[in-house]
Amino acid sequence: MLSKESIEKIDYELTKYPADKRQAAVMSALRIVQTERGWLSKESMTEVAEYLRIPEIAVMEVATFYNMYDLEPVGKYKISICTNISCMLRDSDAIVTHLQNKLGVGFNEVTPDGKFCLKEGECMGACGGAPLLIVNNHTMHEFLTVDKVDAILEELK
Amino acid sequence: MVTGAKTSVNTTAKKPVMTDLKGQTLLTLRSLNEENPASLETYIKLGGYAQLKRIVTEKVKATDIITQIKTSNLRGRGGAGFPTGLKWSFMPRYYDGTKYLVCNTDEGEPGTFKDRDIIRYNPHQLIEGMAIAAYTLGARVGYNYIHGEIWQDYDIFEAALHEAKAAGYLGENLFGSNFSFDLYAVHGYGAYICGEETALIESIEGKKGQPRFKPPFPASYGVFGKPTNVNNTESYTSIPWILQHGGQAFADLGVPNSGGTKLFSISGHVEKPGNYEVKMGMPFADLLALAGGIWKGRQLKAVIPGGPSTAVMTAEMVQNATMDYDGLSKAGSSLGAGSMIVMDDTTCMVKTLKRLSYFFYEESCGQCTPCREGTGWVYRVISRIVDGKGKMEDLDLLTDVSNNISGRTICALGDAAATPVLSFIKHFRPEFEYYITHGKSMVDGR
């Protein structure tokens, strides 16, 4: 069952659209549920579909199309690092290598303690701060160096 | 206050860390000289919302406003460069239902990050620009669609919306008139294609972001099938200044055919990457100098002037170019969204193209066969070259596949995917040939 907090937030998003266009809120409803539960299970998608009164397939189409929805568990902290051209030119490869060595995982893998997952992101629209990463689809860290990455990991307890 | 609304976020985004305001002409980022740039208080102090109040209370005619925008020579800042005043004149004047206004803040093309600074440092000017557009076009509801990856900036913008509404600049019967306008923030969640306006509209409706056939254009069939005007963030944000100073003053800031200022997002191998707002027509060399020049004392090798959907330029091509629509077109590329990616002489163009081609392969929405299959084909062939297994005929194959994507898809993203391949091979062919012959890069030897 969707939590009271999630329903309040989804109801707020619904105020942005005409009353008969509940499907429009599916992008934010999925985000809200994923933020609370860590990832989107089949059951989560069904609950979103029921709440918005739209077919399950309409929810699944959206959840599978947009990269930031996670259809598998991603651990406590999902670290998405951009490797696109502007980041690559400022040596995001070195940051990726450091993260992989330090965490002992490759892209799309979760550490055995379930704490970290590493994802390769596409352009995040913040290339002036390259190289950069985002934690849990929310907090962006820019101008990364190896030392800065260590400090970030240290904070994520 | 609506339950669930974000009210705790304050609008005190820190100023940019790297860029130097000297030498810039701040218009869409005019709040940047102030202590607390994103706040309503700051914007009011700068004369904010005065133009909205004037046109609404004095009942200024929509046609007069559109005339000012046409005179200003403002062209769409999202990359296509379509004249904004002309676009506005496509919206039906008389329509019984709800008309919509949409702002495209979905920056996902590599090197593009200008609109992010508008929503986090000067959100109220965008809100005023959209409200003026809504008044002019008779739109009752507006959406600003924001790139999902910049979540902290989305929060800042949504907080600014609540601030504006509480102060009476959004909502019902503004300034006691019969003009009402509701504006909302909505978001993407990791799909480059949603920067295409009809894909963006599909996404607002809660669907996969797959572009629609045009025509019909959004002006007749947009959000929920209603007439909709879509502009880029920087375009809307220019509007209050144009109404305050007149269309001619905006045009005079720039050069013929390119009015006003332009935000250039400069990334890659420069000392001070970031956004720089300058007058249209600034020489490339001056803009590069503002960004601190090439880093580490190295030499300039190549520039992608407007995002990867614009053709890459060699140092020789770009060094005497001016940064405006005609200037870059004459020099062999285009202005695009002003997303300038700078590469120094240590850059391997083959590996760079491999990364770009992966991006287009990953982000193709899959709707049109030439793009869905072609981008994967291109990526596999370039990967083969980088793996040391390339054949000389691969270069013709890449050109052929790219030419068969370009112009054969529903949206312009097909062309965008083809442009880097065609221009990289055209301007840096010897590097590709060397890679194929030697199985390693001419530049880094690896």
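Below, all heavy atoms of this structure are taken into account, side chains as well, without hydrogens, waters or symmetry copies.
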Heavy-atom cut-off 4.5 Å, strictly under: side chain, backbone, both or neither for [X] against chain A?
{"X": "I193(B)", "answer": "side chain"}
{"X": "C365(B)", "answer": "both"}
{"X": "E109(B)", "answer": "backbone"}
{"X": "T347(B)", "answer": "side chain"}
{"X": "T346(B)", "answer": "neither"}
{"X": "H187(B)", "answer": "both"}

Is chain B contacted by the side chain of [X], its backbone, both, or neither, given a heavy-atom distance below 4.5 Å?
{"X": "T83(A)", "value": "both"}
{"X": "M88(A)", "value": "side chain"}
{"X": "E142(A)", "value": "side chain"}
{"X": "A126(A)", "value": "both"}
{"X": "S80(A)", "value": "neither"}

*Would you check if the side chain of K21(A) reaches a backbone N or O of E205(B) as a donor-acceptor pair within less than 3.5 Å?*
no
About how many Å separate [atom2] of [Y] and [atom1] of [X], when rounded to the nearest 0.5 Å?
{"X": "E107(B)", "Y": "C127(A)", "atom1": "CD", "atom2": "SG", "result": "8.5 Å"}
{"X": "R31(A)", "Y": "W151(B)", "atom1": "CZ", "atom2": "CH2", "result": "3.5 Å"}
{"X": "I341(B)", "Y": "N84(A)", "atom1": "CD1", "atom2": "CG", "result": "8.0 Å"}

_CZ (F65(A)) with more than 12 external heavy atoms under 6.0 Å_ =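 Counting other residues, nucleotides and ligands, CZ of F65(A) exceeds 12 neighbours.
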For the student: nearest non-hydrogen atoms of [X] and [Y], plus distance:
{"X": "N137(A)", "Y": "Y189(B)", "result": "ND2-OH, 3.4 Å"}
{"X": "I85(A)", "Y": "P110(B)", "result": "CG2-CB, 3.5 Å"}
{"X": "M140(A)", "Y": "Q152(B)", "result": "N-OE1, 3.0 Å"}
{"X": "I150(B)", "Y": "G125(A)", "result": "CG2-O, 4.2 Å"}
{"X": "Y66(A)", "Y": "K208(B)", "result": "OH-C, 3.7 Å"}
{"X": "V342(B)", "Y": "L89(A)", "result": "O-CD1, 3.8 Å"}

Could you check which of [options] has the highest count of heavy-atom pairs closer than 4.5 Å to chain A?
{"options": "G209(B), G366(B), A185(B), G148(B)", "result": "G209(B)"}
{"options": "P308(B), C194(B), S265(B), G111(B)", "result": "G111(B)"}
{"options": "Y184(B), W295(B), Y358(B)", "result": "Y184(B)"}

*Lys/Arg N to Asp/Glu carboxylate O, R90(A) vs E271(B), below 4.0 Å*: no
Among the options [options], pick out the one with the most heavy-atom pairs lying under 4.5 Å from chain B.
{"options": "V59(A), T139(A), L30(A), V26(A)", "answer": "T139(A)"}
{"options": "M68(A), E61(A), M27(A)", "answer": "M68(A)"}
{"options": "C123(A), A25(A), A29(A)", "answer": "C123(A)"}

*Can you list the steps and then say if S86(A) with F113(B) is a side chain to side chain contact (heavy atoms under 4.5 Å, CB included)?*
CA-CA 11 Å; S86(A) 296; F113(B) 51 93; 6.0 Å; no
*Looking at the rings of Y17(A) and Y143(B), which for Trp means the six-membered one, are their centres under 6.0 Å apart?*
yes
*Apply side chain to side chain contact (heavy atoms under 4.5 Å, CB included) to the pair E122(A) and Y192(B), showing each step before the final yes or no.*
CA-CA 8 Å; E122(A) 281 305 339; Y192(B) 163 62; over 6 Å; no
*Is there a side-chain contact between V186(B) and K16(A) (heavy atoms, below 4.5 Å)?*
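V186(B) vs K16(A): side chains touch.
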